[in-house]
2 protein chains.
Amino acid sequence: MQRIGELAGACGIKPDTLRFYEKNGLLNPVNRSPKGYRLYSEEDAQQLRFILRAKAMGFSLSDIRELLNIEASRSDWVCADVKGMVEAKVDELQTKIDEMIRLRDSLQTLADACCGGAESAIHCSILDTLETK
Amino acid sequence: MQRIGELAGACGIKPDTLRFYEKNGLLNPVNRSPKGYRLYSEEDAQQLRFILRAKAMGFSLSDIRELLNIEASRSDWVCADVKGMVEAKVDELQTKIDEMIRLRDSLQTLADACCGGAESAIHCSILDTLETK
DNA sequence: ATAAAGCTTGGAGTTGTATCCAAGGTCAAA
DNA sequence: TTTGACCTTGGATACAACTCCAAGCTTTAT
């Protein structure tokens, strides 16, 4: 059993974050010491690592809550459920990526058209473009 | 001179947004009617369009404040200043894009490894991966 | 003349993901 | 034994960019 600071330190997060996850139903440490200190079991630590891995993959905390639900009773679900979630997230990411590429390209075009020199910005093509498209 | 609702409507935003921009120093309508209604001149409308265009290009409101400062006294700046801002934003976007592509690819790999069928998720490779990497 | 639509202000609420703070209890080391 | 590190709780704060609300005034349409 580890105390909150130990587990947090071991996982590179802060105790506050762990309490935050608890408040939001992501990770409920099973035990408390006689004086009320949270005590995390190896299973709790395992679950935290699950959360952090999912987060690193781009899942939101509410996605993760859902994944944990599935994980908690795998037999109630089928592979298609899980794969569906992952693919939905891929699509979501793809949409954002496309949008950001669009923005990046617009900006790059803008930058390319600008001399970028020490000339006064009075005739700056970037500002002109923003002013009147 | 247009009233707030007219200008907002014409630009596809809400009056509240215009007041928000004003409170945040992005757009101060020059005039008020005798009864205190905001009145926007064509220049104000022009500036709003500048703001909205910059926003559509991915600039944050604080970026836009900076661009407006430059725009307001172009002669105090050189092209390099402006181009620098745009290129910094391109880099910022690129960093985010790279990160999101990394996430997308990880998730795609995860999805590809899953049968995605009607089988119980008991042996789901996605959950297994998140559980123990 | 009256009702609906529009305007004003100050301030609160939203979303997501934490992070920080204060007041107080506990524990280990020097 | 005292100091300092750690723990508890509830609640405040942060960020971005709005969005909404209430109470009250003005303008417009019928």
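Note on naming: letters A, B, ... go to the chains in the order of the sequence lines (proteins, then strands), and numbering restarts at 1 for each one.
Nearest heavy atom pair, residue B:Pro29 against residue B:Glu22, reads CD-OE1, 3.4 Å. Between A:Leu26 and A:Leu68 the shortest heavy-atom distance is O-CD1, 3.4 Å.
Distance, A:Leu39 CG to D:dC7 P: 10 Å, rounded to whole Å. Between the OH atom of A:Tyr40 and the C1' atom of D:dT8 there is a distance of 12 Å, given to the nearest Å. Atom pair B:Ile4:CD1 and D:dC25:P shows a separation of 20 Å (rounding to whole Å applied). Between A:Phe59 atom CZ and C:dT17 atom C1' there is a gap of 17 Å when expressed in whole angstrom units. Distance CD1 (A:Ile13) to P (C:dT19): 9 Å, rounded to an integer number of Å. Separating the NZ atom of B:Lys96 from the C1' atom of D:dA16 is a distance of 11 Å, rounded to the nearest angstrom. A straight line from CD of A:Gln2 to C1' of D:dC7 spans 15 Å, rounded to a whole angstrom. Atom pair A:Glu6:CD and D:dA5:C1' shows a separation of 13 Å (rounding to whole Å applied).
Contact annotation: the side chain of B:Met57 never approaches that of B:Leu52 to less than 4.5 Å [non-hydrogen atoms, C-beta and beyond]. By the 4.5 Å heavy-atom criterion applied to side chains, B:Leu39 and B:Gln2 are not counted as neighbours. B:Gln94 has its side chain within reach of A:Arg104: a pair of non-hydrogen atoms, C-beta onward, lies under 4.5 Å apart. The closest side-chain heavy-atom distance from B:Arg74 to A:Asp128 is below 4.5 Å.
Residues of residues 16-35 of chain A that place a heavy atom closer than 4.0 Å to DNA chain C, in numerical order, are A:Asp16, A:Thr17, A:Phe20, A:Tyr21, A:Lys35.
Distance from the side chain of B:Lys14 is smallest for D:dC20 among the nucleotides D:dC20, C:dT17, C:dG25. Here the side chain of B:Arg3 is nearest to one of C:dT17, D:dC7, C:dG6, namely C:dG6.
In this structure, A:Lys55 does not pair ionically with A:Asp63, as no charged nitrogen and carboxylate oxygen lie closer than 4.0 Å.
For A:Arg38, a side-chain nitrogen or oxygen approaches OP1 or OP2 of D:dT9 to under 4.0 Å.
If B:Tyr37 and B:Lys55 are placed on DNA chain D by their nearest nucleotide, the residue sitting closer to the 5' end is B:Lys55.
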